[in-house]
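For reference, the structure is listed below as structure tokens.
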Amino acid sequence: MKDEFEGLVEKYADTVTRICFSNLGSRDDAEDAWQNVFIKLFKAHKMWNKSDDELKKWLIRVSINECHDIQRKLFRRKHLDIDELQAVYTEDFNKELITAVRELPSKYRDVIALYYFEGYRTAEISAILSMNENTVRSRLKRGREFLKGELTDE
């Protein structure tokens, strides 16, 4: 049982880490969220036997919810150490782009991160976030517009 759980943690750690960092922006808060997500996975034994796709979607949903819970609990000024955040993304993303995505409102940031950083299609994002697929597309469009405005102003 221990080996099985450790294998799941190893397999999905990067995905959960990216989501937590992109939502919280603080290494310490992201580590707290990450730990809480995997505690929830440990307690949810029935999820261990699900398909990889189902488990990954469940972990993404739990990660986003956990980040939102932490944001609600922490009434403090947001800070972002972009060097730590950049290290989480193994691909060579632009620091300005990551900063701009991080500054988007949550409803746009979540769909942008899942679409571009995690590689999900709109139908999959719709299922993960429990929202209409057209809503996902519209938030992607508006999120891109915000990003375009932010990145072209600079």
Nearest non-hydrogen partners of C67 and I19, listed with the distance: SG-O, 4.3 Å
Distance in Å, M47 CE paired with L55 CG, rounded so as to fall on 0.5 Å steps: 5.5 Å
Closest contact, heavy atoms only, L24 versus R102: O-NH2, 2.9 Å
Partner residues of S126 under the side chain to side chain donor-acceptor pair (under 3.5 Å) criterion, sequence neighbours left out: none
Contacts of D52 that satisfy side chain to side chain donor-acceptor pair (under 3.5 Å) - sequence neighbours left out: K11, Y12
Atom CD of E10 with >12 non-hydrogen neighbours under 6.0 angstrom: no
Contact check, side chains of Y120 and I60, non-hydrogen atoms, under 4.5 Å: yes
Sub-4.5 Å side-chain heavy-atom contact between L41 and V37: no
Check: R139/Y115 side-chain N/O donor and acceptor closer than 3.5 Å: no
Any Y116 side-chain heavy atom under 4.5 Å of V101 side chain: no
Residue pair V136, L114: steps toward the side chain to side chain contact (heavy atoms under 4.5 Å, CB included) verdict: CA-CA 11 Å; V136 171; L114 289 173; over 6 Å; no
Crowding at CZ, R144 (>12 non-hydrogen neighbours, <6.0 Å): yes
Pairs touching residues 53-64 that satisfy side chain to side chain donor-acceptor pair (under 3.5 Å), sequence neighbours left out: S51-E54, D53-K57, R61-N65
Those residues that, when tested against Q35, pass side chain to side chain donor-acceptor pair (under 3.5 Å) (two or more places apart): none
Aromatic plane relationship, F5 with F42 - under 30° parallel, 30 to 60° tilted, over 60° perpendicular: perpendicular
Distance (rounded to the nearest 0.5 Å) between L129 CG and K107 NZ: 13.0 Å
Working for side chain to side chain contact (heavy atoms under 4.5 Å, CB included), residues T15 and L59: CA-CA 9 Å; T15 298; L59 282 169; over 6 Å; no
Chi angles and distances behind the side chain to side chain contact (heavy atoms under 4.5 Å, CB included) call for I125, R137: CA-CA 10 Å; I125 296 169; R137 287 189 187 116; over 6 Å; no
Residue list, side-chain contact (heavy atoms from CB on, under 4.5 Å) with H68, at least two apart or on another chain: N23, I64, Q71, R72, S106, D110
All side chain to side chain donor-acceptor pair (under 3.5 Å) counterparts of K141, not counting sequence neighbours: E145
Value rounded to 0.5 Å, distance of NZ in K50 from CG in L8: 13.5 Å
Verify same cluster id: V9, W48 (apolar side-chain graph, 4.5 Å): yes
